[in-house]
Amino acid sequence: MKTCNILLAGFGGQGILFAGKVLAYAGLIDNKQLTWLPSYGPEMRGGTCNCSVVMSDESIGSPLVVTPDVLIAMNLPSLEKFAGKVVKGGTIILDSSIIDKKVERDDVNVFYVDATKLAEENGMEGLSNIILVGKMFKELGFCSEEALFKAIDKCVPARKAEMVEKNKEALRIGMGQ
Amino acid sequence: MGEKVLMKGNEALAEAAIQAGCRHYFGYPITPQTEIAAYMSKRMPKVGGCFLQAESEVAAINMVLGASSAGVRAMTSSSSPGISLKSEGVSYIAGSDLPALIINVQRGGPGLGGIQPSQSDYWQATKALGHGDFQLFVLAPSTIQEMVDFVSLGYEVGEKYRIPTMILSDGMLGQMMEPVEFPEAKETAQAEKTWATNGHKNKRKKNIINSLYIEPQVLEDLVKERFERYEKIKATEQRAEEYLVDDADIVVVAFGASARVSRNAVNMAREAGIKAGLIRPITLWPFPENTIKKAVSHTKDFLCVEMNMGQMVDDVRLCVEGKSEVSFFGRTGGMIPTPEEVFNEIKKLSEKEAK
């Protein structure tokens with residue numbers, strides 16, 4: 001891996017920033033260079049939210065992802081805004097429970113994951129974000145499996161310790177898709 | 001060095017200040033720097049320090065003046081419009097020969113402007129953050145590690161020369177996370193501040209901190225003495241990073257967030273066979289004249305890249321003295337230039353030179 005530019009996008013409250021943080025910590029544990037940059041501002045309240053994560057073996061210049069190698073899209077406005085920006089040969093992973101449209105490009109790899117439905121069926125509402133991260137890991141293997149699971153330990157705050165296992169289970173569900 | 005952790009720039013800077021012995025923080029919320037105040041509000045009580053959310057930016061900077069007068073490491077932080085409000089107090093701090101740490105996490109301006117990252121306070125920070133003849137020691141971090149490292153550097157240089165320090169950051173650096181290491185806890189023994197108004201206990205003459213001098217000759221003498229210190233700072237404290245500059249025909253000059261973008265663009269140019277390099281001023285005042293001047297002999301074109309309408313480019317032109325071409329590319333209002341945009345500018349210069 002030289003540099004992997006990842007963009008996660010969806011509604012505020014879907015755990016976009018958290019999912020980005022898990023990716024970032026996984027990279028950190030694997031001793032990669034990385035940056036995490038959130039969108040910030042009034043648009044976050046109920047509106048769209050996105051997060052750039054750059055992982056690299058070399059030092060990173062701009063942390064702002066304009067042309068992603070990987071797009072994780074969790075709502076339609078995000079897909080419409082960013083699908084065209086993904087590099088040729090790049091990857092789009094989307095939550096098909098929420099987005100009922102197909103991606104109209106044949107030069108990218110698209111994975112449709114019924115993430116919100118899967119989360120609900122497995123009693124883990126709100127973890128569709130992590131299911132999508134699990135799918136991304138399965139398809140791209142951007143870090144070691146050990147680092148990805150350790151990243152969950154790092155990212156879940158102590159006051160929500162009971163969520164650690166649920167997040168890990170969500171990763172496994174995503175990896176099984 | 002300790003373990004690498006992931007932290008937002010704002011939070012890392014706040015933690016660094018606490019580790020550097022800052023126990024007096026006075027602030028007021030404003031996007032995109034509010035995490036500094038929020039972090040301080042949680043951490044300060046645990047280390048026996050003082051976190052105070054003032055009633056306004058003006059109050060906060062005057063509290064810094066008071067705390068610094070007593071010889072402690074004090075700090076305030078804000079973003080562009082809030083820094084303008086602090087400018088009177090900054091001038092008083094400089095006029096009182098006090099060290100103090102002032103953080104500007106810049107956003108778009110003028111006026112209330114916007115809340116996205118910007119570098120449009122370069123002129124304010126380096127030329128006139130308030131009235132009167134004075135300078136600040138201005139540091140421009142471009143990584144989260146530098147957001148940490150420049151806190152203690154800022155205090156040390158500020159205390160050595162009795163000059164306020166500004167860390168000129170921006171919304172991108174404040175909000176982003178990157179791995180960062182905190183230095184091993186070192187002796188926080190600070191140089192003795194013989195000038196501080198911290199109680200003479202009948203053992204020395206009383207100290208007075210003041211910026212009012214009615215007698216013109218007295219004031220002129222004091223300002224001249226201060227400017228002798230500024231000359232020493234110019235001679236000893238210039239800092240810049242050079243990247244692929246030695247053989248470069250085209251040198252990009254950029255600081256902070258725009259330097260990160262420019263570094264990508266320089267790499268793209270090298271891959272395209274263009275000899276491009278990057279000079280990244282780390283101290284904005286004193287401006288790293290020596291580094292720019294050294295590069296003039298082999299540089300055909302300097303390209304200044306900033307997130308404003310062209311401010312630092314004036315200082316680059318002063319150093320280049322017309323010996324090479326100096327051009328400018330910038331985005332403003334909260335827009336961040338892309339590496340492709342900067343690369344295109346480099347390419348244009350390269351094509352022009354080839355003609």
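- Remark: A/Glu121 CD is packed, more than 12 non-hydrogen atoms of other residues, nucleotides or ligands lying under 6.0 Å away.
- Ion pairing of B/Glu3 with A/Lys154 is present here, as a side-chain N (NZ or NE/NH1/NH2) and a carboxylate O approach within less than 4.0 Å.
- Test B/Pro339, B/Ser262, B/Ser258, B/Pro337 against A/Ser62 for side-chain contact (heavy atoms from CB on, under 4.5 Å) and you get one pass: B/Pro339.
- With respect to chain A, the highest number of heavy-atom pairs below 4.5 Å among B/Ala259, B/Gly114, B/Gly9, B/Pro117 belongs to B/Pro117.
- Considering only heavy-atom pairs separated by less than 4.5 Å from chain B, the leading option among A/Gly61, A/Gly20, A/Cys51, A/Gly27 is A/Gly61.
- We find the OG-CZ distance between A/Ser59 and B/Arg260 to be 8.0 Å, quoted to the nearest 0.5 Å.
- Neither the backbone nor the side chain of A/Ser52 has a heavy atom closer than 4.5 Å to any heavy atom of chain B.
- Heavy atoms from other residues, nucleotides or ligands lying under 6.0 Å from CE of B/Met335 number 12 at most.
- Both the backbone and the side chain of A/Leu34 come within contact range of chain B, judged by heavy atoms closer than 4.5 Å.
- With a 4.5 angstrom heavy-atom cutoff, B/Arg263 touches chain A only via side-chain atoms.
- Within 6.0 Å of CG in B/Leu112 there are 12 or fewer heavy atoms belonging to other residues, nucleotides or ligands.
- The minimum heavy-atom distance linking A/Thr35 with B/Glu178 is given by the pair CG2-OE2, 3.4 Å.
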Would A/Tyr25 and B/Leu6 satisfy side chain to side chain contact (heavy atoms under 4.5 Å, CB included), going step by step from the backbone distance to the final call?
CA-CA 7 Å; A/Tyr25 253 109; B/Leu6 268 184; 3.5 Å; yes
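- Between the CD atom in B/Glu340 and the OG1 atom in A/Thr67 there is a gap of 5.5 Å [rounded to 0.5 Å].
- Every residue meeting the salt bridge (Lys or Arg N to Asp or Glu O under 4.0 Å) condition with B/Glu242, not counting sequence neighbours, appears here in chain and number order: B/Lys294.
- Contact record, A/Pro63 with B/Met172: CG-SD, 3.5 Å, taken as the closest heavy-atom pair.
- Contact record, A/Tyr40 with B/Gly171: OH-CA, 3.6 Å, taken as the closest heavy-atom pair.
- In A/Lys138, the NZ atom is crowded: over 12 heavy atoms of neighbouring residues, nucleotides or ligands sit closer than 6.0 Å.
- At most 12 heavy atoms of other shown residues, nucleotides or ligands fall within 6.0 angstrom of atom NZ in A/Lys117.
- In this structure, B/Glu11 has no salt bridge (Lys or Arg N to Asp or Glu O under 4.0 Å) partners at least two apart in sequence or on a different chain.
- Of the listed residues (A/Val54, A/Val66, A/Ile60), the one with the most heavy-atom contacts under 4.5 Å to chain B is A/Ile60.
- More than 12 heavy atoms of other residues, nucleotides or ligands shown are found within 6.0 angstrom of CD on A/Glu80.
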